[in-house]
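One-based numbering, in listed order, for ligands and for the atoms of each.
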Amino acid sequence: MKKTNAFQFFNKDTSVKHYSDMYKELRLDIRYPANVKREQIFVKLLQKHKSKKIVDAGCGTGMPLIDIKKKGFNIIGYDKARNMVSEAKENLIKNRLSPDLVFYDDFENPKKIKNNSVDCILGMGAFYYAKDVNKTLLKQKRKLKKNGRLIFSLRNRLFDVITLNNYTKNFLDEIYEVKKLKKEWKNKYKDLTKNFTDRKKIKSKINIDEAGVYNHTPHNPLTVTDEMAKLGLSVEGIYFYHFHAFPPVFDAFDPYYYRKNSWKIENPSDWRGYFLASAFVIDCKKIF
Ligand SMILES: C[S@@+](CC[C@H](N)C(=O)[O-])C[C@H]1O[C@@H](n2cnc3c(N)ncnc32)[C@H](O)[C@@H]1O
């Protein structure tokens, strides 16, 4: 399948509306407020660090940026989807804030932010859409002052273990190196894993992979600290969000019950997040 660039996908009217609406009301009967939880994690970290000059990279419709601004922070943001930028400007105006707080730029190669000028850069559901995530992080790091913070969310690779579907099968195939097994074992193993549901066969909401949106393979929270250290970023904290109280296939059986139970167990510091949360936030400090 030919992949769509993320900013083109997010430029669609339906995406713009979705990203404006999701922050407006916390209604578990309509949708799971995973990104509201994500924003709360970011806000707590900004309050802890008392960050001064903040940039929201891939700010979307600007809803989190507006909340953060209203909490008294000095924040600006940018996005590569023109329609997201227009919507963000409108949302700022509706909130009696300057539309100039948001503008067009590209987080893979930001042109409008000066090097060594920012205290904190936020990437809320953003950087894993880059063609080259590590290169993008290095470009972002360059914009930070000494000891500046790069706080961003990633998708959780270990979540594949508990989904009990084709993602689990692919994950196990890889870690057991099934391709290298002798035929007889391969067949036995195939038999053992045959009941993992294929998402395509159930009525489930299409995710970004299935929608053909270009994105990086999810990151492993157990190895991300070493990975970031190589880029000159010290991971000072890992915070989990978008918990799944039960295998995701159950979401289709009773969405409200599923969401209610999942919302109850959202706890960024719970070790179960390594498996039950589909995403996590890392709080990185620029070390070189
Ligand atoms: C999942 S949305 C998140 C939006 C917002 N951060 C939020 O939390 O509501 C990802 C955003 O990243 C933007 N984006 C994707 N690629 C980008 C790029 N190369 N540069 C800047 N923004 C980009 C998309 O247009 C989209 O608005």
Side-chain angles (χ1 to χ4, degrees), residues 3-26 31-46 54-69 73 75-92 95 101-113 118 120-140 142-143 150-156 205-209 211-216 218 239 241-242 278-282:
K3 296 272 180 189
T4 316
N5 286 319
F7 71 91
Q8 285 163 332
F9 172 80
F10 287 108
N11 204 39
K12 291 183 194 157
D13 288 349
T14 43
S15 300
V16 173
K17 185 171 171 355
H18 181 62
Y19 272 83
S20 256
D21 289 350
M22 68 168 65
Y23 295 100
K24 283 183 187 150
E25 41 184 3
L26 208 152
R31 68 179 78 82
Y32 193 70
N35 294 351
V36 173
K37 191 75 213 170
R38 174 168 78 201
E39 188 195 311
Q40 289 170 3
I41 296 172
F42 276 79
V43 168
K44 273 204 174 148
L45 288 169
L46 291 176
I54 306 163
V55 172
D56 184 3
C59 65
T61 59
M63 300 300 275
L65 179 144
I66 290 167
D67 280 344
I68 294 168
K69 179 81 187 161
F73 291 98
I75 184 167
I76 54 170
Y78 65 82
D79 204 281
K80 197 176 173 181
R82 302 261 179 205
N83 291 337
M84 283 289 187
V85 177
S86 313
E87 176 80 359
K89 284 183 183 294
E90 274 179 38
N91 285 332
L92 281 161
N95 282 278
L101 292 178
V102 296
F103 46 89
Y104 173 89
D105 207 350
D106 180 353
F107 53 56
E108 295 187 59
N109 192 17
K111 295 262 193 317
K112 298 194 181 127
I113 312 282
V118 180
C120 184
I121 296 174
L122 313 179
M124 294 182 238
F127 299 138
Y128 48 82
Y129 291 114
K131 281 276 146 62
D132 186 328
V133 176
N134 287 354
K135 235 191 217 166
T136 299
L137 296 176
L138 288 173
K139 294 250 180 188
Q140 294 298 326
R142 224 179 273 168
K143 306 293 167 194
L150 184 54
I151 308 174
F152 57 101
S153 65
L154 293 170
R155 298 202 297 152
N156 180 7
K205 225 177 71 205
I206 288 181
N207 66 26
I208 53 167
D209 300 319
V213 181
Y214 183 85
N215 68 94
H216 191 276
Y239 305 95
Y241 71 97
H242 201 171
S278 57
F280 60 96
V281 173
I282 52 174

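Side-chain atoms of Gln40 and Lys37 form a donor-acceptor pair, as typed in the model, at a separation below 3.5 Å. Lys80 and Asn11 share no side-chain donor-acceptor pair at under 3.5 Å. Checking Tyr128 against Arg155 by side-chain atom types alone, no donor-acceptor pair falls below 3.5 Å.
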Would you tabulate the polar-atom pairs, meaning N/O of ligand 1 against N/O of the protein, with distances under 3.5 Å, reported to 0.1 Å?
{"from": "ligand 1", "atom 1": "6 (N)", "to": "Gly58", "atom 2": "O", "distance (Å)": "2.7"}
{"from": "ligand 1", "atom 1": "6 (N)", "to": "Met124", "atom 2": "O", "distance (Å)": "2.9"}
{"from": "ligand 1", "atom 1": "8 (O)", "to": "Tyr23", "atom 2": "OH", "distance (Å)": "3.0"}
{"from": "ligand 1", "atom 1": "8 (O)", "to": "Arg38", "atom 2": "NH2", "distance (Å)": "3.0"}
{"from": "ligand 1", "atom 1": "9 (O)", "to": "Tyr23", "atom 2": "OH", "distance (Å)": "2.6"}
{"from": "ligand 1", "atom 1": "19 (N)", "to": "Asp106", "atom 2": "OD1", "distance (Å)": "2.8"}
{"from": "ligand 1", "atom 1": "20 (N)", "to": "Asp106", "atom 2": "OD1", "distance (Å)": "3.4"}
{"from": "ligand 1", "atom 1": "20 (N)", "to": "Phe107", "atom 2": "N", "distance (Å)": "2.8"}
{"from": "ligand 1", "atom 1": "22 (N)", "to": "Lys80", "atom 2": "N", "distance (Å)": "3.2"}
{"from": "ligand 1", "atom 1": "25 (O)", "to": "Asp79", "atom 2": "OD1", "distance (Å)": "2.6"}
{"from": "ligand 1", "atom 1": "27 (O)", "to": "Asp79", "atom 2": "OD1", "distance (Å)": "3.4"}
{"from": "ligand 1", "atom 1": "27 (O)", "to": "Asp79", "atom 2": "OD2", "distance (Å)": "2.7"}

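Within the 4.5 Å cutoff, the side chain of Tyr129 has heavy atoms near those of the Phe10 side chain.
Using a 4.0 Å cut-off between a side-chain N of Lys or Arg and a carboxylate O of Asp or Glu, Lys112 and Asp105 do not qualify as a salt bridge.
Aromatic ring orientation, Tyr32 versus His242: parallel (interplanar angle below 30°, classes split at 30° and 60°).
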